[in-house]
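Contents: one structure, followed by commentary.
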Amino acid sequence: MLENKYNIGETEKKWEKFWQEEGIYKFDKNSNKPTYSIDTPPPTVSGELHIGHIYGFSQADMIARYNRMQGKNLFYPLGFDNNGLPTELLVEKKKKIQAHSIPREEFTKIALELVDGYNQNYRDMMVRAGMSCDLSLGYNTIDNRSQKTSQKSFIDLAKRGIAYRENKPSPWCTKCRTSVAQFELEDKDLDSIFNYLNFKLADGSGTIPIATTRPEFLPACVGIFVNPEDNRYKHLVGKLVKVPLFEDRVVKIYADSKVGIDKGTGIVMCCTFGDQTDVEWWKEYKLELKQAIDDGGRMTEICGKYAGLKSIDARKAVIEDLKAANYIFRQDPICHTVKVHERCEQPIEFLSKKQWFIRTSTPQLKQTWADLGNQLEWHPESMKTRYMAWVNNLNQDWSISRQRYFGVPFPVWYCKKCGKPNFASIQDLPVNPLSTEFKGKCDCGCTQFEPESDVMDTWATSSVTPQINTNWAEDEVGSNKKMPMDMRFAGRDIITTWCLRTIIKSYYHQGCLPWKSLIINGWMMADKGIKFSKHLNNSKMGLNEIMETYGADVVRYFSANGAYGRDVMFNEEGLKDGYKLLNKIFNGSKFVLNFLYDYEPKKPKEILPIDRYIMHKFNQAYEKTCAFYNDVEMGYAKAEIEKFFYFFCDNYIELAKNRLYKPEIYGQAAKESAQWASYNVLLGMLKLLGITMPHITEEIYQNYFKTYEKEKSIHLTTLHPIDIENENIIEKGDEVIEIISKIRQFKSENKLSLKTEIESITISNSNLEFIKQCEADIKAVSAVRNINYATCNFNVEIGKVVE
RNA sequence: GGGAGAUUAGCGCAGUUGGUAGAGUACCUGCCUUACAAGCAGAGGGUCACAGGUUCGAGUCCUGUAUCUCCCACCA
């Protein structure tokens, strides 16, 4: 028997425990069923979880559950991404150790131990939210399997010339002492001062005005630029200019259309490197490379007396000296946007370092990425546009070197004599070249090697999750058979980064897409226009509080709202809607089960018309719901079956109630007919509702249906329509519902109780056969004593009320 | 600055190819109906962001504007 009142927390936790202990969601290696494989994106575990995290995952889980109930064997892992900077910083902070102070292996070991606790919290919350992942399939991107996969990927690409090493200026964070990728940068508004300087022409013919916010870069000034269309300065092109404070140095004036005539003074100094434009000019005009700032943000020896100062202090000193020497003729305070490293908010510098790159940006490759994008099944389709636009604008190869200590090392040693990179053997992976000698000889005969000390960017590893999942490092043939995986889900912000990179790697290694379909979810917004954010800490309700009050089923219900891929706004009202359905499912089921506990399902010889009708009506809702799930529209699917559930309760239960209660009046056969319909329809509804609300549906299944359905969990049953003979009955049944509705309307308008008895009604219709068959049910539900019939257009006339 | 999406009832959202604006919730009116008042029945409520245009007809197509979200670029 079900409890009188549904206890959300207790019941949900009970079944979560059951699912884990019984291995309900375990992937079965030996199964004959077709596999449905999901490349779950491994989350970076840091900070508090908020309801926004649950949003995307629970939507994907609904697709997983739908496929499982289609009879598929689910490969649905939950890994964690923890080989990057956030983990390194977390370990340093929590364990109070400097990464560099201990061997990399040891640091990694400590990291894995520490991260395990965080992973467990995350896993617990995923389980608590009703995710049906197989936790035994998890991985850490810093574990041996992931490292091996990532290193093998690198060696494969490097040996084929797809990965190459080159000296390239790239964004650098002097605080984290690492190069950073373009997409790790964000904008920040900072106050600064625009300094107007007079540069002396080398021939003594005068001065030219240049405005700069970074005067400390003067020692790295390698050229002056004006716009070729600028009539004021055209004549200066080709002349030489003395660098202020460093007057033994002269630089040439160039003309380039990238100079904005209206900006500043219209004359720009190019320093290596102040910004991206400097990088481009340096490359294009083959300028000298003068590095003014070192890895840690201090001035280098080329800066003379400023060497060793932090750049910010050097700036003050330089400005003082410029003022003293009368170079500055104007200073304007400005607020401008600078690129900062998203993790530490430190303004970035451009430094030139030897880095490994992966080729991604030639026109042919771009065409390949576009072709692959077209082969991929996008949900929703409109998201493809973003991908295509990005691919089209791709103009840089992918930098994968990071000058950090913690991470997946490059398995490479450079020959001390000729510099050639020598790679580790695949069977030795994973290796750390800092602690392992290269065994062998370079082609040049040399046996002395310099190990690579850099590690790979975390994306280099998180882009091979399909290869980690399919065990490509150990079994290429087996992996190839499993590729592409069936599905990947992701937030729409990472289509162009994570998704594209994963596509690139799968193409290079296995010549195919990583997945057949990509499902993009929107964001859950905290309030109008405001995203949930770790920085803002703006969750109105904490996740634990929400789970306590409403439970996972309700959170999942809320997550299913709206059209797929769209943002939704968090509001407690939305949770209350889910709570209503939860309550309704419990009460409706409790009522029906009362009449089923002593019933063994057996198809009766004769099924009454209303009972046949509700089963056909269910099949109709079933088809619609499944069609929505096939189109990855969880919101519409949920709404469809929810609508039908309410219909079932408000109409069918009311109609069948009397027959179920009073077999002595309506007959035992009439009761059994209603039992048969109730059994099938309720079970069918629970299965479909269970995709969104797995806990409550399990509770009800276990309470009764399990005895007759064999499967040990409702989530292992398969979806199918009710087996019933084909019959054109839905329209006729709908007419009966309309008759009842008209009588209810009459009573409501006349402010009567629904129990109020009515003397007689007259039903008119062109064909009265079906309605006549339902007479007993209509009378019972509407409290009508007599029904008269007339043959003409459909109409219901309501007679006198019994006083 | 460029690209993509959004803007519809008090609220959070649906609206397929152009043809009288939809459910839920809230509010309101009633009803304790042998499961559920966290329920049931019923009613009201919208210049479809704004301004133009195409069309016999526009929430839907086109152009522009505003606001929000995401992505990219620029920032001397």
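All values below were derived from every heavy atom in this structure, side-chain atoms included, with hydrogens, water molecules and symmetry-related copies excluded. Per chain, numbering begins at 1; letters A, B, ... match sequence-line order.
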At 4.0 Å (heavy atoms only), tell me whether A:Gly574 reaches a base, stays on the sugar-phosphate, or touches nothing. nothing
A:Trp282 and A:Phe273 aromatic ring geometry - parallel, tilted or perpendicular at 30°/60° bounds: perpendicular
Give none if B:rG24 has no partner; otherwise give the nucleotide forming a Watson-Crick or G-U wobble pair with it, both distances under 3.5 Å. B:rC11
Separation of A:Ile653 CD1 from A:Leu660 CG (nearest 0.5 Å): 9.0 Å
Distance, P atom - from B:rC70 to B:rU17, rounded to whole angstrom: 28 Å
Using a 4.0 Å heavy-atom cut-off, does A:Thr756 contact any base of the nucleic acid, only the sugar-phosphate backbone, or nothing at all? nothing
If you check the A:Asn587 side chain, which of B:rA35, B:rG15, B:rU33 turns out closest? B:rA35
Grab the two heavy atoms, one from A:Lys290 and one from A:Ala220, that are nearest each other, plus how far apart they are. O-CB, 3.3 Å
Within 45° of the six-membered ring axis of A:Trp378 and under 6.0 Å from that ring's centre, is NZ or CZ of A:Arg386 located there? no
Could you tell me how far B:rG46 sits from B:rG12 if I compare only their C1' atoms? Round to whole Å. 16 Å
Atom CD in A:Glu642, atom CG in A:Asp577: separation rounded to 0.5 Å? 7.5 Å
Return whichever of A:Asp577 or A:Lys751 has its heavy-atom-nearest nucleotide of RNA chain B closer to the 5' end. A:Asp577
Have a look at A:Phe586 and say if it touches a base, only the backbone sugar-phosphate, or nothing, with a 4.0 Å heavy-atom cut-off. nothing
Checking contacts here: which listed nucleotide (B:rA35, B:rC36, B:rU25) is nearest the side-chain heavy atoms of A:Lys580? B:rU25
In whole Å, what separates the C1' atom of B:rG30 from that of B:rU16? 38 Å
Please determine whether a side-chain nitrogen or oxygen atom of A:Ser741 lies at a distance below 4.0 Å from atom OP1 or OP2 of B:rG42. yes
Length of the CZ-C1' vector between A:Phe558 and B:rC11, whole Å: 12 Å
Rounded to the nearest angstrom, tell me the gap between atom CG in A:Leu581 and atom P in B:rC40. 11 Å
Donor-acceptor pair present, A:Lys5 side chain and B:rA35 base, under 3.5 Å: no
Which nucleotide in B:rC71, B:rA14, B:rC74 has an atom nearest any side-chain atom of A:Tyr636: B:rA14
Considering every strand and a 4.0 Å limit on heavy-atom distances, what is the contact class for A:Cys270: base, sugar-phosphate, or nothing? nothing
Which is true for A:Val259 with a 4.0 Å heavy-atom rule: it touches a base, it touches only sugar-phosphate, or it touches nothing? base
A:Tyr646 side-chain N/O to B:rC40 phosphate OP1/OP2 under 4.0 Å: no
A:Tyr550 has an atom OH; how far is it from atom P of B:rA38, in whole Å? 14 Å
Parallel, tilted or perpendicular: ring planes of A:Trp281 versus A:Phe225, cut at 30 and 60 degrees: parallel
Basic-acidic side-chain contact under 4.0 Å: A:Glu3, A:Lys5: no
Identified pairing partner of B:rU16, criterion: Watson-Crick or G-U wobble below 3.5 Å: none
Give me the distance, rounded to whole Å, that separates B:rA58 from B:rC48 when you measure between the P atoms they each carry. 12 Å
How many whole angstroms separate atom CZ of A:Phe628 from atom P of B:rU16? 12 Å
Euclidean distance, atom CG of residue A:Leu754 to atom P of B:rC36 [Å, nearest integer]: 15 Å
Now, which nucleotide makes the Watson-Crick or G-U wobble pair with B:rG46, with each of the two distances under 3.5 Å? none
Indicate, with a heavy-atom threshold strictly under 4.0 Å, whether A:Arg744 touches base, sugar-phosphate, or nothing. sugar-phosphate
Rounded to whole angstrom, note down the C1' distance from B:rC56 over to B:rA49. 27 Å
So does A:Lys584 get a side-chain nitrogen or oxygen closer than 4.0 Å to the phosphate oxygens (OP1/OP2) of B:rC40? yes
Integer angstrom distance from the P of B:rA9 to that of B:rG59: 14 Å
Taking A:Asp650 first and then A:Lys584, would you say they form a salt bridge - that is, a charged N and a carboxylate O separated by under 4.0 Å? yes
Rounded to whole angstroms, how far apart are CG on A:Asp650 and C1' on B:rC40? 7 Å
Only pairs with both distances under 3.5 Å count, Watson-Crick or wobble alike; so what is the partner of B:rG1 in this structure? B:rC72
Compute both the distance and the angle, then confirm whether A:Lys617 meets the cation-pi test with A:Phe644: under 6.0 Å from the six-membered ring centre, within 45 degrees of the axis. no
Under 4.0 Å from OP1 or OP2 of B:rC75: is there any side-chain N or O of A:Thr277 that close? yes
Closest listed nucleotide, where the reference is the side chain of A:Ser748 and the choices are B:rG15, B:rU33, B:rA41: B:rA41
Ring centre gap for A:Tyr661 and A:Tyr666 strictly below 6.0 Å: no
Watson-Crick or G-U counterpart of B:rG52, or none if no pair lies under 3.5 Å: B:rC62
First encountered from the 5' end of RNA chain B, between A:Phe225 and A:Ser382: A:Ser382
Compare the minimum distances between each of B:rA43, B:rA4, B:rA35 and the side chain of A:Gln745, then state the nucleotide with the smallest one. B:rA43
Heavy atoms of A:Leu596 and A:Gln675 approach each other most closely as CD2-O, 3.7 Å
Counting only Watson-Crick or G-U wobble pairs whose two distances fall under 3.5 Å, which nucleotide matches B:rA6? B:rU67
Considering Watson-Crick and G-U wobble pairs with both distances under 3.5 Å, what does B:rG39 pair with? B:rC31
Quantified in whole Å, what is the P atom distance between nucleotide B:rG10 and nucleotide B:rU54? 32 Å
Rounded to whole angstroms, how far apart are NZ on A:Lys590 and C1' on B:rA35? 6 Å
Please state how far atom OH in A:Tyr652 lies from atom P in B:rC40, giving the value in whole angstrom units. 19 Å
Does A:Tyr579 stack onto the base of B:rA38, taking stacking as ring centres under 5.5 Å apart and planes under 30° apart? yes
Residues within residues 653-663 of chain A bordering RNA chain B, heavy-atom distance below 4.0 Å: A:Ile653, A:Glu654, A:Lys657, A:Tyr661, A:Lys662
Determine the Euclidean distance between corresponding C1' atoms of B:rC31 and B:rA37; express it in Å to zero decimal places. 10 Å
